[in-house]
Every structure is written in C-alpha cells, then in structure tokens.
Amino acid sequence: MQFVAELAAINSMGYSFSKLEMDSGLLDGSSSNNEVEGGYQSKSLSNHLDHEIAQLTKLRSGPHVNLSRVLPGKRELPISTVKMLAGREANFSGRGRFSSGDCCHILSKHLPVNRPWVVDQMSTRAYVSQFSADGSLFVAAFQGSHIRIYDVDRGWKVQKNILARSLRWTVTDTSLSPNQQYLVYATMSPIVSIVNVGSTTTESHANITEIHDGLDFSAANDGGNSFGIFSLKFSTDGREVVAGSSDDALYVYDLEANKLSLRIQAHTSDVNTVCFADESGHLIYSGSDDNFCKVWDRRCFKVKGKPAGVLMGHLEGVTFLDSRGDGRYFISNGKDQAIKLWDIRKMSSNTKCFQGYRNYDWDYRWMDYPPQARALKHPYDQSIATYRGHSVLRTLIRCYFSPEYSTGQKYVYTGSHDSCIYIYDLVTGDQVAKLQHHKSTVRDCSWHPRYPMLVSSSWDGDVVKWEFPGNEEVQAPSNKKIHRRRHFY
C-alpha cells in the first residue's frame, strides 16, 4: 500500500529531466532491463505465446510506444519508473498523463514476493482465502467450522467471526456478494448458508447469535439423494449463485425468487469448479473430474439440452477455473500438474469428446503423480498454453489471473502441494516467482485487486500476507555518482 501511495504522490508532481539523464540510464541506478523487481528474475523468454491474447495482454500491461522507443524502430522493455515519469512530463505519449497500460507496466514489475507477515493462525487447515472485489475485505475459511472476514483497511481487524452451520468435513467454498453485504458458504451438503456481513454482530454463530439462512440446492426430482457443494460463485449483479456439486451437476440459484432456477447434469464425475464467464451471466464455465472443461450458454440450453462446447486437454481431473472476465478466455488447474489457458472459440461439440487414457493406477489424494505420466500429452489438446512447475495434490488447489488494474492480467498464479505459491508470466510461460513460507499445502491464495499484495492460506493453518516492498529491506547504495537536474513547474 505504501508503494502505491508513493507512486500516486510522484504522479501528481511535475518533474523535468534532461534527455541526457533519460538516455544514459543514470536515473535508473541499474543497467539491467530483464529483472522483475522484488528479488526474482525470470527464466529465459523463449516460449512466447503466439495468440491474440498475447497482444491483448501487451496492450493492457504495456507502456505507450513512444515511452519505450529508444531508437527509431527499436523498443526497450521494461522501462524504469523514473524514465516513464520523465517521458510523461515531456509528453512523449501526447496525452500528458499515464494511461492504464502505463500504470500497469509500472505496478506489474513490483511483485508481492517479500517478507510474509502472518495475518492469522488457526489450529485447523485453511481452505479458502479471497479478497473482496474492492480489496477492503478479506475472507478466510478453515476446516474447523470457522470463517473469518477481515477489515483490510483497519489493520486486518476481524470484522466477522463466523461459526459455520451443519459442517460436513470442511467449508469447501465461500463467495462474497458484489455489494459486500452477504456471504454464502458451502460444505459437503446440498444446503448453502448465507450470512449478513453488514450486520453489527461480530461473533456470528449459526442460528445462535445470528441466523444463517439456508439455500436448498436439492431438486424436487432428485429422489432425496444427498450431495456436497464443491464450488460456488455470486453473479456480477448479485442476484444469482452458481454451484458445482458431487452429483456431477451444475446449479443456479435465484436469490430474488429464493428457489433453484436451473439444474444441469453437466458431467460424468464430480463438478469441482464453476464460474460465470463475464458480467452478462449468460455463459457459465465448469470443470470436472471427468477431465473436461465445458461452456454452458443459458440462452440456448433449454432448446439444445447440451453444452455450447467442450474443451479437452487435461489428462486428469480439473480442480479450479478462473475467468478472465471477457467471456472468451479462462484458465484451469488440473490434477495432471498443469494450468491450462483456454480460448472458448476453440471448443468442440459434445460429440467429439476424447477423455484420454490412463495406463497407471493413481489417486491424487494420497499418491504422488506417476513419473511416467509427466511425459504424456493429450492427443487433442485444445488449450493455447500450459504452465508447469507447481504441484496439484491432496486437495482442489486453485489458480487465478493476476489483477487487471495493477498488472493487466499479465500473470497467472497458483497455490501448490509443495507449500509454495507460483507466479507465471501469461505470455512467456516463465516462472517469475516462487514464494516460500508455509509448511503444508497451499490450497488458495488471492492477489489484492489494486495493491502489490498477495495473501495465501495453507493447511498449516497460517494466513500469510506478501507485499512489495518488505519493510526490513534497505536499498543498497549505488557506487555510481548520479547528477540530477530537477525543475519544478
């Protein structure tokens, strides 16, 4: 937060630098151009993604062409913050201000990789950790019935301490409404509970100190079969909740009508993850232990009775999906130890599905991934990029795009069974950071939507905050004598 405040302060001041100072690099204090600030350096940039999303990411997170040009026809990336400030004051872009891409180029170099601060410690496993849409609240859910909501702007004070209702095994997922007034949480039951986050009650014990209303996701014609909810998400308008379940189905619950509005027998195995594709709410993505990702268009489902398309590429079950928010791209984490990037325009019809094959016995819940399986490739892989290095074992580990506001979604990040958090470059596929602190599986992690801050939750019970810069770090003095000329407007 301190870094962003300082950047905003610099952005409001008028500084003028000489062309000699700008071109010579004396303002940088460094001659290296391929380091990611924060102590990590990316590996070789050899596997660039040759796809439209690479250009879209570049436009979102790259500086104006005139700010990066060093010679006619030649560009230099990345550009130091000081050079960009000087270029802005010289009005190289012709706008007299930074664009959102310029801001992303500055902020995305400052990865949240320094000195983990322990936000909270519990005696049970942490399963969920998520920032609210504006970053003012943070939700953490634990196996021991506890869900805590922290007020980020007030020093991470616990705003709500929720004791879950009718817990079965663990709190599998939570979702905060867009207006931050309500929280829904799921367990291995068809009943999803909803809590009033805006109430003044801090200790929210289900139906003791506060009512936790139940949303019944079981259908009238399901024969009374019990099932569990693995994943749930609010729609952008806050009127609906979509859920994926252990009975191979996808559900949509209408909160205004207080009833189940849609049930789809979506897959042939557990539906581990679901999400809305964009703000419209028409498209829904689902991922399952049948190895498939599917796209559902609610506008035509009642007529066709089948998905809009299927995406193949994972050799094992899908643990999590995250949409880019544009109704076109999403990423998925898989038990085949890989994250995959998808373009739904490449999806196939339901009749062309190839589930793949397995010539080994393996269960990710207690076994390591077979070495012989790492060399296998799906013969009809429709993904456009694959990211490897992390470990997806024991639980449904989650992955995400980095925030649009501060990074232009140029990174992909994930928890891992090896107790680390991994950050990959979306376009090059390079691992740009590996965060190490936890002593057990990191199931979930969340990047603050505006600041260079990331919070991870682990089965060791710790909720940990990573930031840039670390307060304990002191910049080493440069041996280079720097001459500065500064003129105030």
Side-chain angles (χ1 to χ4, degrees), residues 127-130 139 141 169-176 184-188 192 217 227-235 240-253 262-278 281 283-296 307-325 327 329-342 344 347 364-365 383 387 390 392-401 412-417 441-446 457:
Y127 269 72
V128 179
S129 59
Q130 284 298 300
V139 179
W169 175 243
T170 185
V171 176
T172 54
D173 203 3
T174 67
S175 184
L176 197 62
V184 290
Y185 64 86
T187 181
M188 294 305 292
V192 170
F217 278 68
F227 57 88
I229 302 291
F230 286 120
S231 174
L232 75 169
K233 292 286 186 297
F234 267 102
S235 60
E240 295 178 314
V241 174
V242 63
S245 71
S246 62
D247 67 344
D248 313 342
L250 180 155
Y251 295 86
V252 177
Y253 195 95
L262 181 63
R263 180 185 185 275
I264 302 173
Q265 197 64 36
H267 292 266
T268 59
S269 190
D270 293 348
V271 180
N272 295 324
T273 175
V274 291
C275 67
F276 288 101
D278 56 19
L283 294 180
I284 297 173
Y285 301 145
S286 65
S288 166
D289 273 340
D290 64 10
N291 306 354
F292 296 136
C293 298
K294 294 187 178 182
V295 181
W296 305 90
V310 181
L311 289 158
M312 299 171 283
H314 281 294
L315 293 168
E316 299 290 344
V318 179
T319 65
F320 196 75
L321 301 175
D322 186 44
S323 173
R324 192 168 179 264
Y329 300 102
F330 69 92
I331 55 173
S332 61
N333 223 353
K335 297 176 185 178
D336 54 0
Q337 317 303 300
I339 294 173
K340 286 188 174 291
L341 172 64
W342 308 91
I344 68 170
M347 62 189 179
Y364 93 120
R365 291 174 295 180
S383 66
Y387 310 87
H390 60 292
V392 184
L393 297 170
R394 309 296 182 267
T395 186
L396 303 177
I397 292 174
R398 302 178 167 194
C399 64
Y400 303 93
F401 288 99
V412 170
Y413 66 102
T414 178
S416 180
H417 172 61
T441 303
V442 178
R443 187 179 190 269
D444 203 2
C445 47
S446 185
S457 59

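Only a predicted model underlies this, so the values are computations on that prediction, with no experimental measurement involved. One-based numbering along the sequence shown.
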Rounded to the nearest 0.5 Å, how far does [atom2] of [Y] lie from [atom1] of [X]?
| X | Y | atom1 | atom2 | value |
| --- | --- | --- | --- | --- |
| Thr174 | Lys233 | OG1 | NZ | 8.0 Å |
| Arg398 | Asp444 | CZ | CG | 4.5 Å |
| Ile331 | Ser383 | CD1 | OG | 12.5 Å |
| Leu396 | Lys335 | CG | NZ | 6.0 Å |
| Ser446 | Tyr400 | OG | OH | 6.5 Å |
| Ile344 | Leu283 | CD1 | CG | 5.5 Å |

Contact check, side chains of [X] and [Y], non-hydrogen atoms, under 4.5 Å:
| X | Y | value |
| --- | --- | --- |
| Glu316 | Val392 | no |
| Arg324 | Leu341 | no |
| Asp248 | Asp270 | yes |
| Val128 | Arg443 | yes |
| Ser245 | Ile229 | yes |
| Asn291 | Met312 | no |
| Thr441 | Thr395 | yes |
| Cys293 | Leu321 | yes |

Taking every non-hydrogen atom, the tightest pair across [X] and [Y]:
| X | Y | result |
| --- | --- | --- |
| Cys399 | Ile339 | CB-CD1, 3.7 Å |
| Cys445 | Gln130 | O-NE2, 3.7 Å |
| His267 | Ser286 | NE2-OG, 2.8 Å |
| Ala186 | Val192 | CB-CG2, 4.3 Å |
| Gln337 | Leu393 | NE2-CD2, 3.9 Å |

**Request:** Look at the rings of Trp342 and Phe330 and say which category their plane angle falls in: under 30° parallel, 30 to 60° tilted, over 60° perpendicular.
**Result:**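 Parallel, since the angle between the ring planes stays under 30°.
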
**Message:** Does the plane of the ring in Phe227 sit parallel, tilted or perpendicular to the ring in Tyr251? Use 30° and 60° as the thresholds.
**Reply:**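 Phe227 and Tyr251: parallel rings.
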
Using a 3.5 Å distance criterion without hydrogens, assess whether the side chain of [X] forms a donor-acceptor pair with backbone atoms of [Y].
| X | Y | answer |
| --- | --- | --- |
| Arg394 | Tyr364 | yes |
| Asp290 | Thr268 | yes |
| Thr187 | Thr170 | yes |
| Ser231 | Val274 | yes |
| Ser175 | Phe234 | yes |
| Lys294 | Ala266 | yes |
| Asn333 | Phe320 | no |

**Request:** Show the numbers, then the answer: is there a side-chain contact (heavy atoms from CB on, under 4.5 Å) between Ile284 and Ile264?
**Result:** CA-CA 11 Å; Ile284 297 173; Ile264 302 173; over 6 Å; no

**Asked** Stepwise, does the side-chain contact (heavy atoms from CB on, under 4.5 Å) test hold for Ser323 with Phe276?
**Response** CA-CA 7 Å; Ser323 173; Phe276 288 101; over 6 Å; no

**Request:** Show the numbers, then the answer: is there a side-chain contact (heavy atoms from CB on, under 4.5 Å) between Tyr387 and Lys340?
**Result:** CA-CA 6 Å; Tyr387 310 87; Lys340 286 188 174 291; over 6 Å; no

**Request:** Please determine which of Thr319, Asp289, Thr172 meets the side chain to side chain donor-acceptor pair (under 3.5 Å) test together with Asn272.
**Result:**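 For Asn272, the side chain to side chain donor-acceptor pair (under 3.5 Å) test succeeds with only one of Thr319, Asp289, Thr172, which is Asp289.
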
